[in-house]
Amino acid sequence: MELSVYDIIKSIISTPKSLDLRKKYGKITFEVNTLANKIMIRNAVESIWEVKIRDIRVINRIGKRRVVKRKIFKMSDTKKAIITLKSGYNIDLPDQF
């Protein structure tokens, strides 16, 4: 299955921890498609925002099981990528300052 660059990057993660990473180290956190690998994420970010990437860290989060009225449900699996840009490049994001 071929993913477009806009299918790979789902959203920007704006938690207090990710905002702290952005301020201190210049790292940007994205939620990405679970089928995407580092090369696909790199190509997507570089083509959408026209920047150069120095480092990518990918974290797979396995969905937890929840019990609701004696039925077991599994939350969906997610993947997030923490991206470090090369010096001189910047991404202006509306929800991060």
Side-chain angles (χ1 to χ4, degrees):
M1 181 172 122
E2 188 68 28
L3 296 172
S4 71
V5 292
Y6 297 104
D7 291 335
I8 293 171
I9 306 295
K10 287 185 176 180
S11 65
I12 303 162
I13 297 176
S14 297
T15 60
K17 186 174 181 178
S18 67
L19 291 174
D20 192 40
L21 281 174
R22 171 96 170 153
K23 287 180 187 175
K24 286 184 180 177
Y25 306 109
K27 296 183 178 186
I28 304 166
T29 308
F30 294 103
E31 184 177 353
V32 296
N33 194 324
T34 56
L35 300 175
N37 56 20
K38 286 186 178 183
I39 297 168
M40 295 167 71
I41 296 167
R42 177 184 299 269
N43 292 335
V45 172
E46 286 181 351
S47 66
I48 292 173
W49 285 286
E50 298 176 359
V51 294
K52 296 292 181 184
I53 295 176
R54 184 174 51 152
D55 188 34
I56 296 178
R57 305 288 176 156
V58 177
I59 301 167
N60 288 314
R61 294 187 293 177
I62 298 173
K64 297 181 179 180
R65 294 178 185 226
R66 299 285 184 210
V67 178
V68 178
K69 294 186 180 180
R70 292 182 273 167
K71 293 183 180 179
I72 298 174
F73 295 97
K74 184 180 178 288
M75 304 295 284
S76 61
D77 299 338
T78 58
K79 183 184 275 193
K80 66 180 181 179
I82 301 172
I83 296 173
T84 306
L85 300 175
K86 287 187 178 179
S87 61
Y89 290 97
N90 189 16
I91 295 177
D92 293 326
L93 300 174
D95 60 346
Q96 296 183 351
F97 45 90

- Item | Where V51 and E46 come nearest, the two heavy atoms and their spacing |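 So the minimum-distance heavy-atom pair works out to O-CG, 3.1 Å.
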- Message: So which atom in I72 and which in R65 form the shortest heavy-atom distance, rounded to 0.1 Å?
- Response: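 Minimum heavy-atom separation between I72 and R65: CG2-CB, 4.3 Å.
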Quick one: [atom1] on [X] to [atom2] on [Y], what's the gap to the nearest 0.5 Å?
| X | Y | atom1 | atom2 | result |
| --- | --- | --- | --- | --- |
| N33 | L3 | CG | CG | 5.0 Å |
| I41 | I82 | CD1 | CD1 | 11.0 Å |
| R66 | M75 | CZ | CE | 6.0 Å |

Heavy atoms, side chains only, cut-off 4.5 Å: are [X] and [Y] in contact?
| X | Y | result |
| --- | --- | --- |
| I28 | R22 | yes |
| I9 | V32 | yes |
| V5 | N43 | no |

- Which pairs count as salt bridge (charged side-chain N to carboxylate O under 4.0 Å, His left out) when at least one residue sits in residues 48-60, sequence neighbours excluded?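 Counting only pairs at least two positions apart or across chains, the salt bridge (charged side-chain N to carboxylate O under 4.0 Å, His left out) contacts touching residues 48-60 are D55-R57.
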- Any chance CZ of F73 has more than 12 other-residue heavy atoms, nucleotides or ligands included, within less than 6.0 Å?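 Correct, the count exceeds 12.
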- Message: For K74, I'd like to know if atom NZ has over 12 heavy atoms of other residues, nucleotides or ligands within 6.0 Å.
- Response: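 For K74, atom NZ is crowded (more than 12 foreign heavy atoms under 6.0 Å).
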Distance-only, no hydrogens or angles: does the [X] side chain make a donor-acceptor pair with backbone N or O of [Y] under 3.5 Å?
| X | Y | value |
| --- | --- | --- |
| R42 | I53 | yes |
| D77 | G63 | yes |
| S18 | I13 | yes |
| K79 | A36 | yes |

- Message: Set out, in order, the CA-CA distance, both residues' side-chain angles and the distance that settles side-chain contact (heavy atoms from CB on, under 4.5 Å) for I83 and F30, then state yes or no.
- Response: CA-CA 8 Å; I83 296 173; F30 294 103; 3.5 Å; yes
